[in-house]
Amino acid sequence: MVWAKMKFPFEKRVKLAQGLWLLSWLAIVGGALNFCFGCFLKTEIRRRTEVMDNSNIHIVPNTLIVSGLAAIGINYFAGQICQDALDVGRFPRWKTFLKPYCCCAIIFTSLTLIGVILSFTMRSSLEGSLQVGLRNALRFYKDTDTPGRCFQKQTIDHLQMEFRCCGNNDYRDWFEVQWISNRYLDFSSKEVKDRIKSNVDGRYLLDGVPFSCCNPSSARPCIQYKLTNNSAHYNYEHQTEELNIFVRGCREALLSYYTALMNSIGAGVLLLFLVVLASLRYLQTSMEAVIGQENTEIETEGYLLEKNVSETIVEYLNPVMKLLLLNQVQDGLVKAEAGAQPE
Amino acid sequence: MALLKVKFDLKKRVKLAQMVWLMCWLSIMAGVLVFSLGLFYKIELHKRSELMDNNESHFVPNLLIGVGLAACGINAFGGKICYDSLDSSKFTKWKAVLKPFLFCCLLFNALLFFTALLCFTMRIPLQFILAEGLKNSMKYYKDTDVPGRCYMKRTVDLMQMEFHCCGNKNYKDWFEIQWISNRYLDFSSKKVKDRINSNVDGQYLVNGVPFSCCNPSSPRPCIHYQVTNSSAHYSYDHHTEELNIWKHGCREALVSYYGGLMNTIGVVVLLVTVLQVGVMVGLQYVNTSLSTLVNPEDPESESEGWILEKTVKETFTDVITKMKAMGKGNRVEVGTEKQAVATLS
């Protein structure tokens, strides 16, 4: 009893082979894109090591690079098989190769699936990484004269404007860091001296945020200083004011962006692999019936599995079980021998 | 004396047909490219229509879209003709259509060339439209409660952040208009009353700019109020300060953006025109080579192909005489009618 049986006349076989060949070339392009994206991500992460706390993050671009190369390899072979599939003379040489190839491809697809699942679980580690990285970035915002940190301000400003976010958890993180450099503070002024004295660590903290937190959709010109002081601005109440500055934190914004990106890429890649695998299996099984026949234009049947799902699983597990059982039988023999010897 | 006469045997004819078929397919893709470029330009104009006072002309992108679609259609037809040209039985049905089709191709090429020229000259009216439009959008910046203008602030802010510009000609334009709405001014405050009284039109003018003029690459937190007052900020000299806010005006930035876009599209359309002329010439050769077979029954016989049957001058005089003959024909008819009327009466 075969599983997922389909009839294949000659025309349909030709169409299947052609479609699969095209698909495998598309998948090669996809694999190349995957590889390039992995390389790009690796260089981007290297550039921003200042924001990244953890070096474990390199597993993501490495996975992308490996999967891209593997996709190119597997789909190249699939394309070659398709090209030879329609020529009955050349197809037999692939015959012995096909079964282990299909197994390999299935293992690789399940690895990709595991990778997608892992990327969901790694979300918490990404979150932790971002938490520490952004906290440091906020601290180094004012250090535009320190080599190695002079572009921190520009990076954070662009990040906040592009992702429409403010601060780490929310905009109040800016109240806890000194983001105005001492170079621009008039230490002879009474106001500055008071503020610095009132703080334990001698930092100049204020209830204001940088201009990049300003929301362009706000109806009024941006209020970025004295945010919590309702009386400092006319007709302003900071508890009900929603549109003035971005209320979302950058950690949440970045996390949702990357999650959406990984979801769409992962789903796309997985779908493509499954389609290629299924088509290849159909092509193999439908061609097998043609080999050795005189008339190559007969109608054949193609299927996904020779027996139904449970039987196939049992069939593949049997060799594994035999290996284990064999050990058990050997143990039994050894025990019997040991038992026999003392007697 | 034909123009550019070439001898053709069967092999050469087949090669010609294949080449023209390939060129037709390339032209179809080029037509799709022109169509998508026209669509992109239309969307870009529409995105910023508020800044252009809803006054911008969509003639050029519409023309590009139309020309792109027409190119696809014409070249698909041409490709079909080439495909059938190798089979003499199929080709006979196209024979009558081919001459008017080639004339259509000629007109279409002229249209393509005209479109390319238009693309290059669009920069000039754009400058005037943008000057007027930006002036008005800055005026309406504060009117976030007026229906029809409530998104002007957002559009201007996003534009200034995206194009790295401030104001119309430069950032000082913001000093001359009231960009803070009266809803957010405390009229009981002495400071506000003084400022309004000191202005002839009773407007609240400040020497400040909106936050969207701020340059993120500046090493210090952005100073966008009291920009010209060097003593209001510590260690600040507004004459030497370069990185604090964007200094250039948005008119210049937008004109160079749209101008660059139009130049690129113009170059692409010119290249498509060249390709299209090639297709037309190829089709003419296909047509003439198949109609001058030495032995019409034998498909393997030799033939000749040319672009024009006579020289350019002779063809031109031929066309003029034909048109004159058409005009004379009417006159002769009118003359005979008059004679008939005269004989009757």
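In the text below, chain A, chain B and the rest are named by the order of the sequence lines, each starting its count at 1.
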Contact summary for A/Pro221 and B/Trp179, nearest pair of heavy atoms: CB-CZ3, 3.9 Å
Crowding at NE2, B/His58 (>12 non-hydrogen neighbours, <6.0 Å): yes
Exceeds 12 heavy-atom contacts within 6.0 angstrom, atom NZ of B/Lys15: no
Interface moiety of B/Asn215 toward chain A, non-hydrogen atoms closer than 4.5 Å: backbone
Residue pair B/Tyr234 / A/Leu185: nearest heavy atoms and the distance that separates them: CE2-O, 3.3 Å
Within 6.0 Å of NZ in A/Lys42, more than 12 heavy atoms from elsewhere: yes
NE2 (B/His248) with more than 12 external heavy atoms under 6.0 Å: no
Side chain / backbone / both / neither for A/Asp186 at chain B, heavy atoms under 4.5 Å: both
Heavy atoms of other groups near B/Tyr257 OH, more than 12 under 6.0 Å: yes
Heavy atoms from other residues, nucleotides or ligands near OH of B/Tyr151 exceed 12 (cutoff 6.0 Å): no
Whether over 12 other heavy atoms sit under 6.0 Å from B/Lys247 NZ: yes
Interchain contact, B/Ser212 with chain A, by part (heavy-atom threshold 4.5 Å): neither
Heavy-atom pair of closest approach, residues A/Arg183 and B/Ser235: O-CB, 4.4 Å
Portion of B/Pro210 that has a non-hydrogen atom of chain A nearer than 4.5 angstrom: neither
Rounded distance [0.5 Å steps], CG in A/Leu243 versus CZ in B/Arg154: 10.5 Å
Neighbour count above 12 (heavy atom, 6.0 Å) for A/Glu237 CD: yes
Pairs flagged by ring-ring contact (aromatic ring centres under 6.0 Å, His included) wherever residues 185-212 of chain B is involved - sequence neighbours left out: none
Minimal non-hydrogen separation, B/Thr144 against A/Ala219, with atom names: OG1-O, 2.9 Å
Exercise: identify the closest heavy-atom pair between A/Thr144 and B/Pro219: OG1-O, 3.0 Å
Side chain to side chain, B/Pro216 and A/Met161, heavy atoms closer than 4.5 Å: yes
When B/Cys150, B/Ser181, B/Ser218 are compared by non-hydrogen pairs under 4.5 Å with chain A, the top option: B/Ser218
Toward chain A, the part of B/His224 with a non-hydrogen atom under 4.5 Å: side chain
Expected output: side-chain B/Lys153 to main-chain A/Ser218 donor-acceptor under 3.5 Å: yes
